[in-house]
Amino acid sequence: MRVLVTGAAGFTGRAIARWLAALGHEVIAHWRTSPLPDDLIEGETWQADLAGDAPLPVRLDAIVHAAASSPSTGAAGTVPASVLIRDNAQATARLAAADVGVFVYLSSLSVHGTIADPVVTPDTAVVNPDAYGMSKLLGERLLAERAGPGLAIRLPAVVGPGAARNWPVQVLARLRRGETVRVFNGDAAFNNVVEVQDVAALVGQALTAPPDRFVAVPIASRDPVTVRQAVTCLADGAGLSATIEEEPAPRASFIIDIGPAAALGFAPRSTAAVLKDFAKGETR
C-alpha cells in the first residue's frame with residue numbers, strides 16, 4: 001500500500017513509518033518543521049503544514065495521521081486552544097477529505113476528559129475534556145463522518161527510546177535524580193502505558209485487516225500492576241532504588257480495557273515488561 005504517515009519526524013510517527021516500511025508498504029513520510037531521521041529521508045517525503053493548502057501526495061491508499069500539537073502531562077494550558085484546534089482538528093478535517101481506502105488516526109484518552117469509570121472502554125463517557133482532548137475528539141468525529149473503514153487509537157502514555165513528557169518519563173527522570181516519587185492511588189491497578197512498537201504493530205494490522213467501519217478504541221499494556229509497582233518497575237529497569245510517597249488523590253484511578261483493541265489484532269506486552277525495558281533503554 002502507498003501510505004502517508006503524518007508527523008513522521010515525531011516519536012510515535014517515525015516508529016510507525018519505519019514499521020510500515022519494514023512490512024513492505026510504500027511510505028510517504030510527512031514533516032512540518034522538525035527534520036526527519038536519516039533513514040526516512042531516503043524514501044519519499046512531504047513537508048507541509050497540514051492545515052494549509054499544499055496539495056497532498058498523489059495515489060494514496062491509506063493515511064496514518066500521527067501529527068498533532070499537545071501539551072506535556074500536567075500542563076494542559078501551555079498550548080493555546082487556537083493552536084490545538086488548527087493543528088489537530090482543522091488539519092484532520094483536511095486529511096479526512098482525501099480519497100483513501102483506510103484512515104488510521106492517533107487519538108488520545110484525553111478525549112474522555114474527567115474519567116470516573118474504574119475501567120475505560122470505547123463507551124466511557126466524555127466529561128469536560130480540556131482543549132487538547134476536545135481537539136482530538138473533533139478529529140474522531142470528523143473521521144466518523146467519512147465513508148470507508150477507519151480506526152482511531154486512543155493512546156495512553158507511549159514509551160520507548162526517545163519518549164518525552166508523559167508520566168513514566170517524568171518518574172524515570174526523578175528516579176535518576178535521586179528524588180522522592182510522589183504518587184496518587186498507590187495500591188490501585190495501572191496499565192496506562194504502551195510501548196511504541198506495539199502502537200506501530202496495531203497500525204500495521206489495521207492496514208492489513210481494517211475494520212469494516214470507523215471505530216475508536218483505547219489501548220494500553222496488558223497485565224496491570226499497582227501504581228507503586230509501576231514506579232518500582234522503572235527503578236528496577238534503571239538499576240536504581242525508589243523512594244515513594246503517597247499523596248491524597250484528587251480523583252479515582254482507572255485501568256484500560258484492551259479487549260476491543262485485541263479484537264482488532266492488538267497484542268501488547270505486559271505493563272511490567274514495558275516499564276522495565278523502557279527504563280533500561282531497550283525495546284523489542
Side-chain angles (χ1 to χ4, degrees), residues 1-8 12-13 16-17 19-20 23 25 27-28 30 50-51 56-57 59-70 84-113 115 117 119-127 129 132-156 158 194 198-220 256-268:
M1 296 179 72
R2 183 169 161 82
V3 184
L4 172 64
V5 178
T6 71
T12 307
I16 291 170
W19 187 278
L20 296 182
L23 291 177
H25 294 290
V27 173
I28 302 94
H30 160 265
L50 294 176
L56 270 64
R59 302 186 309 279
L60 295 176
D61 299 306
I63 292 175
V64 178
H65 186 21
S69 291
S70 63
L84 296 171
I85 294 301
R86 183 185 190 279
D87 290 354
N88 297 349
Q90 291 180 5
T92 303
R94 181 166 180 254
L95 293 171
D99 183 16
V100 297
V102 185
F103 201 117
V104 179
Y105 175 61
L106 297 195
S107 188
S108 169
L109 289 174
S110 296
V111 301
H112 294 293
I115 296 174
D117 295 349
V119 179
V120 174
T121 74
D123 298 323
T124 293
V126 173
V127 180
Y132 171 67
M134 182 58 72
S135 73
K136 299 302 284 185
L137 182 62
L138 286 170
E140 286 190 12
R141 291 184 175 173
L142 287 162
L143 293 171
E145 293 175 356
R146 71 180 289 274
L151 174 64
I153 304 172
R154 292 175 177 166
L155 295 174
V158 183
V194 70
D198 288 336
V199 178
L202 176 58
V203 172
Q205 179 68 22
L207 296 185
T208 301
D212 58 6
R213 56 184 177 83
F214 178 80
V215 297
V217 296
I219 66 171
I256 298 156
D257 179 8
I258 64 171
L264 300 173
F266 180 55

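No hydrogens, no waters, no symmetry mates; every other heavy atom, side chains included, goes into these values.
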Trace of the side chain to side chain contact (heavy atoms under 4.5 Å, CB included) decision for Leu106 with His65: CA-CA 6 Å; Leu106 297 195; His65 186 21; over 6 Å; no
For the student: nearest non-hydrogen atoms of Ala216 and Pro122, plus distance: O-CB, 3.5 Å
Any Val217 side-chain heavy atom under 4.5 Å of Phe266 side chain: no
Verdict with reasoning, Val199 to Ile219, per side chain to side chain contact (heavy atoms under 4.5 Å, CB included): CA-CA 8 Å; Val199 178; Ile219 66 171; 3.9 Å; yes
Closest contact, heavy atoms only, Val5 versus Gly13: CG1-O, 3.7 Å
Pro218 versus Ala261, closest heavy-atom pair with distance: O-CB, 3.8 Å
Within 6.0 Å of CZ in Arg146, more than 12 heavy atoms from elsewhere: yes
Inter-residue atom distance Ile115.CD1 - Ile256.CD1, 0.5 Å rounding: 7.5 Å
Closest non-hydrogen atom pair between Gly7 and His30, with its separation: N-ND1, 3.0 Å
Minimal non-hydrogen separation, Leu60 against Leu56, with atom names: CD1-CD2, 4.5 Å
Nearest heavy-atom neighbours spanning Ala17 and Ala8: CB-CB, 4.3 Å
Interatomic distance, Leu138 atom CG to Thr92 atom OG1 [nearest 0.5 angstrom]: 9.0 Å
Side-chain heavy-atom pair Phe214, Pro149 within 4.5 angstrom cut-off: no
Gap separating the CD atom of Gln205 from the CG atom of Leu264, nearest 0.5 angstrom: 8.5 Å
Gap between atom CZ of Arg2 and atom CD1 of Ile63 - 0.5 Å precision: 11.5 Å
4.5 Å side-chain heavy-atom contact, His112 and Leu137: no
Check: Val100 and Asp61 side chains under 4.5 Å, non-hydrogen atoms: no
Separation of Asn88 CG from Leu142 CG (nearest 0.5 Å): 11.5 Å
Student check: side-chain heavy atoms of Ile153 and Leu202 closer than 4.5 Å: yes
Beyond-backbone contact of Leu23 with Leu207, side-chain heavy atoms, under 4.5 angstrom: no
Passing option when Val64 is tested against Val104, Val102, Val27, Leu4 for side chain to side chain contact (heavy atoms under 4.5 Å, CB included): Val104
Close side-chain approach of Arg154 and Lys136, heavy atoms under 4.5 Å: no
Rounded distance [0.5 Å steps], CZ in Phe103 versus CG in Leu143: 5.0 Å
Candidate list Ser135, Ser70, Ser69, test side chain to side chain donor-acceptor pair (under 3.5 Å), partner Asp87, passing option: Ser69
Thr6 side chain vs Ala66 backbone, donor-acceptor pair below 3.5 Å: yes
